[in-house]
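Naming convention: chains lettered A, B, ... in sequence-line order (proteins, then strands); numbering from 1 in each chain. Here the structure is a predicted model, which means the values were calculated and not measured.
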Amino acid sequence: LYSQIKMKFRFCGDLDCPDWLLAEISILSKLTSIRMKQLCSEIVKNLLGSDINYEQVEKWTSKNFEESDLKAAIAALSFILSSAAKHSVDGESLDNELQQLGLPKENVGSLCRVYAENIVKLQEVFKAKSLRISKLETVDWRVDYIISSGALQDVGEPKVHLKLAKRDPVTGSVTPLSFAVSGEKFRLLLRDLKQATSTMDNLS
Amino acid sequence: AVVREFCRINWNYYYYYHFSKMLLVLTEEHKEHLKFLATVDVAVVREFCRINWNYYYYYHFSKMLLVLTEEHKEHLKFLATVDVAVVREFCRISMEFIKKGVNIRMYTAAAQKLGVDIAVVRHGVEGLMYLLVESAKLMVNEIDFLDSIVTLGFDEELNKELLSLYQENSAEIRCVLQEMSMDLPHYHDLEWRLEVGMGSRSLQQQVEPSLILRLHTKDGDVSCNQVFETDPVNLLHLTKSLESALNELKSQHCRRIMRSIK
């Protein structure tokens with residue numbers, strides 16, 4: 001039966017539903033709707049950043065689930081919730097699609113209710129987790145005025161010292177980057193940055 | 001009754017004819033050698049069969065007998081001079097050391113308690129560790145293990161103690177050995193980001209899609225990550241290459257090899 005389901009699902013990003021997920025449908029159907037709601041809330045908390053409280057979850061499902069079944073259920077629900085949030089699927093469409101997969105109506109109902117409550121928070125967290133090469137932490141500046149030097153007695157030039165602090169999102173370390181810019185060059189730099197900002201503003 | 005007898009003979013012949021390609025053809029020499037068994041009585045033949053089975057067993061598994069060097073035997077002989085509780089303690093220490101690494105203070109403490117030289121204690125524990133690791137590495141079975149340590153001349157109880165130690169811990173030792181083998185960095189995670197370049201200082205009003213990928217790899221405890229960029233065409237090529245690599249697993253050649261390894 002499951003091998004015949006070759007439809008495209010929005011919550012899978014308009015692709016086929018993965019085979020392993022179809023195989024876990026029967027395990028998910030064994031949950032009551034209350035347990036489903038509790039388990040989904042735990043998983044949403046996990047996706048938002050905290051750890052799953054495994055002892056409590058095991059207590060809820062110890063009656064009819066073995067350990068491997070529980071792990072499979074957590075993986076399946078985690079995938080469904082995160083994938084649906086990733087593709088901005090609304091609660092109703094998710095409801096329809098999960099019912100097409102064969103999940104019973106009450107289970108789907110409680111899952112979608114938890115999902116609809118938390119979709120905005122999930123998307124915010126996922127956005128923050130997105131790939132970033134580096135982040136600019138702080139910008140420090142100082143303007144000096146050079147009066148004279150060993151080569152020339154009367155210099156009279158302003159000079160800008162910039163210190164940019166760059167954060168590496170993988171290791172979390174902050175590296176400083178300092179350099180000095182002469183007056184003219186600094187004006188050019190400022191003009192280019194203003195051009196980039198206006199291009200960004202035109203987009204939004 | 002005669003008819004019944006004829007039927008039975010017929011059935012046997014049919015049986016033999018049908019399966020005759022599985023009849024063994026004994027050479028003349030082979031028949032000469034086996035003729036000896038007709039000259040002795042049944043009890044002796046039974047004894048021959050038993051010896052034969054044991055030899056088959058040893059021949060088949062003889063490559064898994066451990067050969068202990070003289071030095072190794074010397075080191076382990078110390079275990080015969082202490083009583084069983086101490087040996088059990090040594091066994092526990094050896095397993096600890098295999099799992100977590102050597103702790104020299106344990107040697108000094110044990111040497112003081114037993115009133116022997118530190119070197120003797122150290123050799124005893126190291127000899128025991130080597131014995132366990134080698135046996136686990138070669139997957140020595142029970143009989144071969146006992147045969148290997150019989151050359152040490154220990155008494156029954158000590159042999160049984162060592163055997164039970166080996167059996168309890170061989171799976172764990174194999175896990176530790178597996179982690180120690182040489183390995184390439186493993187794939188851990190792949191993050192990606194699709195972005196569109198809208199303009200640059202040199203050219204404004206562009207539309208340049210590109211994908212930024214960060215590949216995380218792990219080599220034991222060391223994580224490494226690589227950032228690289230690709231355009232959509234290259235990405236298609238990349239996915240096609242990876243898919244064809246995956247399909248290679250399903251090819252006849254691969255399947256044949258995997259079947260023969262199993």
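Separation of atoms CZ (B/Arg201) and CG (A/Leu188) is listed at 8.0 Å; rounding is to 0.5 Å. From B/Met198, atom CE reaches atom OG1 of A/Thr199 across 9.0 Å, with rounding to the nearest 0.5 Å.
Counted within 6.0 Å of NE2 on A/His161, heavy atoms from surrounding residues, nucleotides or ligands total more than 12; the atom is thus considered enclosed. For A/Ile34, the CD1 atom sits in a loose shell: 12 or fewer heavy atoms of surrounding residues, nucleotides or ligands are nearer than 6.0 Å. Surrounding CH2 of B/Trp192 are at most 12 heavy atoms belonging to other residues, nucleotides or ligands under 6.0 Å away. Heavy atoms from other residues, nucleotides or ligands lying under 6.0 Å from OH of B/Tyr130 number 12 at most.
For the pair B/Glu191 and A/Lys129, the tightest heavy-atom approach, listed with the atom from each and the gap, is OE1-O, 3.9 Å. Nearest heavy atom pair, residue A/Val170 against residue B/Asn225, reads CG1-ND2, 3.2 Å. Listed here is the closest heavy atom pair of B/Arg214 and A/Ile133: NH2-O, 3.6 Å.
Take A/Glu97 and apply the side-chain hydrogen bond (donor to acceptor under 3.5 Å, both in side chains) test, not counting sequence neighbours, and it matches no residue. Under the side-chain hydrogen bond (donor to acceptor under 3.5 Å, both in side chains) criterion, B/His186 pairs with B/Asp183, sequence neighbours left out.
Proximity to chain A (any heavy atom under 4.5 Å) is restricted, for B/Gln204, to the side chain, taken from C-beta onward.
In this structure, the side chains of B/Arg193 and A/Arg132 come closer than 4.5 Å at one or more pairs of heavy atoms.
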